[in-house]
Amino acid sequence: MAQIGIRGVRKSYGKTQVVHGVDVDIVDGEFVVILGPSGCGKSTLLRMIAGLEEITAGEISIDGEVVNELEPRERGCAMVFQNYALYPHMTVAQNIGYSLKVAGVPRATRDQRVLETARTIGLVDFLDRKPGQLSGGQRQRVAMGRAMIREPRVFLFDEPLSNLDAKLRVQMRLEIRRLHQRLRATSVFVTHDQVEAMTLADRLIVMNEGHIDQIGTPSEVYGLPASRYVGGFIGSPPMNFLDVTVGGDGGHVVVGDGQHLSIDPAIGAGLVGQTVEVGIRPEHVTVGHRAGGSTLTAAFDFMEDLGAGRLFHGRLGGADFIVHSPEHRPPAFGEEIPLHIPRDAVHLFDPQTGKRVAAQPVVQAAAA
Amino acid sequence: MIERTPILNVATHVIMFSGLLLLLVPVWFAFVASTHTMQAVNAIPPEFLPGDQFFTNIEAAWTRADFATKFVNSMIVAVGVVVGKVAIAAITAFSIVFFNYRLRQLAFWMVFITLMLPLEVRIVPTFAVAANALSPFQVLMNLFGITALVEAVSGVRVELNWNLLNSYTGLILPLVATATGTFLYRQFFLTIPDELVEAAKMDGAGPIRFLRDTLIPLSKTNMAALATIMFVFAWNQYLWPLLVITDTANFGVVVVELGRLIPDMTTTGGGIPEWHTAMAATLIVMVPPLLVVVLMQRWFVRGLINTDK
Ligand SMILES: Nc1ncnc2c1ncn2[C@@H]1O[C@H](COP(=O)(O)OP(=O)(O)OP(=O)(O)O)[C@@H](O)[C@H]1O
Ligand SMILES: [Mg+2]
């Protein structure tokens, strides 16, 4: 049980900086997921918390104690690696119990705790096997057991599920969540899979090129993306983006082909005549006419049938536009279809900075 | 690979068997010679089939060459060299691969370059050092004026002296450093995934713990391969023992002793051509390396070809 404070943390390899000043506070018992594309510095940040990577600048503290200069073993963190990193010559029991052995815990206590841990992760029957004789999912469980047995203050996970097949991944995800529910240990989980991130996280940290773009609960990040980047990264299919000009009294924007899309006047008022980028989620648009909001026409291209809904691909104001809608009738190619867009489904972003333009309070936008 | 080329098949077999013959014929003649009396061995035309004097000759060779003592010496030297080489190679490679310090690449290449300087090439300086193992320090101390300083302060002239001639240490130590072994270990250590090292760190294992609990168990086959090669190497040493050991009665090794049994124009002016005893002794000397190779063969091949991870 621990809280983690990360203040102005930077990391450089030689001259290239890969993490550019990160500030986060992770609360005791929280499950935090760091989400971002490959190469954005998520692993680097995690490894700095673990003590496997030196901190170039800034400060990391665990339970108020600055740990910058502490060895990994003195930080009370346990880590689960992507490739499991089990000791190939040790049995499952030895793998799980190794940290206790190093710590000098007597044999009997150790065996007892290994057995308890094995019971939790459902591997009691496999204790005498070597990692080479286990399936991927079982190896992953051993890796978790190895982390659990130490009763660490902090659990760190670096894409632990990415080597598993889709079904097992879902199952392990639930197991990790369940485990956290029970142990309530502070956990930091790194992934580039947004579904994984959304289902596991109490809070999400969205990273982009070594910066934090947004920190918030999954619904905050989904509902009020702090930047164009976050909006496009989270949600599937991704958000639609249109370049528009704020028109008239600020109550609407003008799309490329002249159509009007109404927006919240409280936001638009200060921006009249300016160019902005609007983001609209495919699932917030419906095909057909409705009351409220605005209805625009788009040219239909083709449809993808997902079974549980349909994706309509078309063009609106010169840009590609996707709608996720349960609409049944497939239109003909090139047909004009009416799209209903509610006013609160329209997100505005500054085209220069990519930041959200908002009158409403944004949860937290990270400083660059 | 499926290929139907009968001619090629025959050709490869012919080559294989001629190679085998080439290797075995001398051994066969050594064996035949060891089973006859001196007269029969030196008769013309020579004998091609074994006689009945084998055990007589073996016994004669054993006592003549004082193998009872020499075998123990050879064993001590070979085992000492093997243990030393394996330990030094493992620790050197461990340092080069797992620690980040300046000049470690340089250190590795310097070790590697010593491959080009086998004992035979540096035999004179090595002998000089063996005569006084501390002489390099003495030279350094003289050079930096420490000797003079100590003499001025205390009036005692420091003369370091540690003679390794006529000792097991002298036989073993100069043979212990090994670039081949270091290289073999380095290549193996480089295949250890970084995550494994980090997992050990997270589990609280320090470097020595990691070496002991993870690296050494994982490199068992490597160790066996290295030990086998080095045992044969150490057992067959001739030049070095010949030089450092003058007290052959106590410290002589079998290979050198074998040399003395062989009738030789230059040393004994021909002497009595006792080839039957010499060959019997040769067979005896061959046994330990042969046994080691046969017993270690399975491990040995695995260690050189793949690393079971
Ligand atoms: N040892 C290193 N030396 C130099 N650059 C490095 C080193 N390790 C990582 N980097 C760089 O730092 C950046 C961030 O790496 P990091 O491993 O944190 O990415 P990541 O977000 O975890 O990506 P992935 O999802 O692919 O694991 C990358 O651009 C990478 O090239
Ligand atoms: Mg990574």
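Here is how names work: the chains are called A, B, and so on, in the same order as the sequence lines, proteins then strands, and each is numbered from 1.
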Listed by residue number, which members of residues 50-62 of chain A have a heavy atom under 4.5 Å from any heavy atom of chain B? A:A50, A:L52
Check against side chain to side chain contact (heavy atoms under 4.5 Å, CB included), B:E198 and A:R47: CA-CA 10 Å; B:E198 291 174 349; A:R47 293 159 51 80; 2.8 Å; yes
From the list A:H89, A:R73, A:E74, the residue making the most non-hydrogen contacts under 4.5 Å with chain B is A:H89
Take atom CD in A:Q133; do more than 12 heavy atoms of anything else shown fall under 6.0 Å from it? yes
Interchain contact, A:L100 with chain B, by part (heavy-atom threshold 4.5 Å): neither
Give me the contact list for residues 113-124 of chain A versus chain B, heavy atoms only, anything under 4.5 Å, ordered by residue number. none
Measuring heavy-atom distances to chain B, does A:K101 have an atom under 4.5 Å in its side chain, in its backbone, in both, or in neither? both
Surrounding CZ of B:F137 (heavy atoms of other residues, nucleotides or ligands, distance under 6.0 Å), is the total greater than 12? no
Around atom OH of B:Y101, are there more than 12 heavy atoms from other residues, nucleotides or ligands closer than 6.0 Å? yes
Tell me yes or no: between the side chains of B:D213 and A:Y98, is some donor less than 3.5 Å from an acceptor? yes
A:R150 (side chain) donor-acceptor with B:M202 (main chain) under 3.5 angstrom: yes
Residues in residues 75-85 of chain A near chain B [non-hydrogen atoms, under 4.5 Å]: A:C77, A:A78, A:M79, A:F81, A:Q82, A:N83, A:Y84, A:A85
Can you list everything that forms a salt bridge (Lys or Arg N to Asp or Glu O under 4.0 Å) with A:R107? Sequence neighbours excluded, please. A:D111
Taking every heavy atom of A:P88 against every heavy atom of B:L218, the minimum-distance pair comes out as CG-CD2, 3.7 Å
Quick one: closest heavy-atom pair of A:L86 and B:L196, and the distance? O-CD1, 3.2 Å
Are more than 12 heavy atoms, taken from residues, nucleotides or ligands other than A:E69, located less than 6.0 Å from that residue's CD atom? no
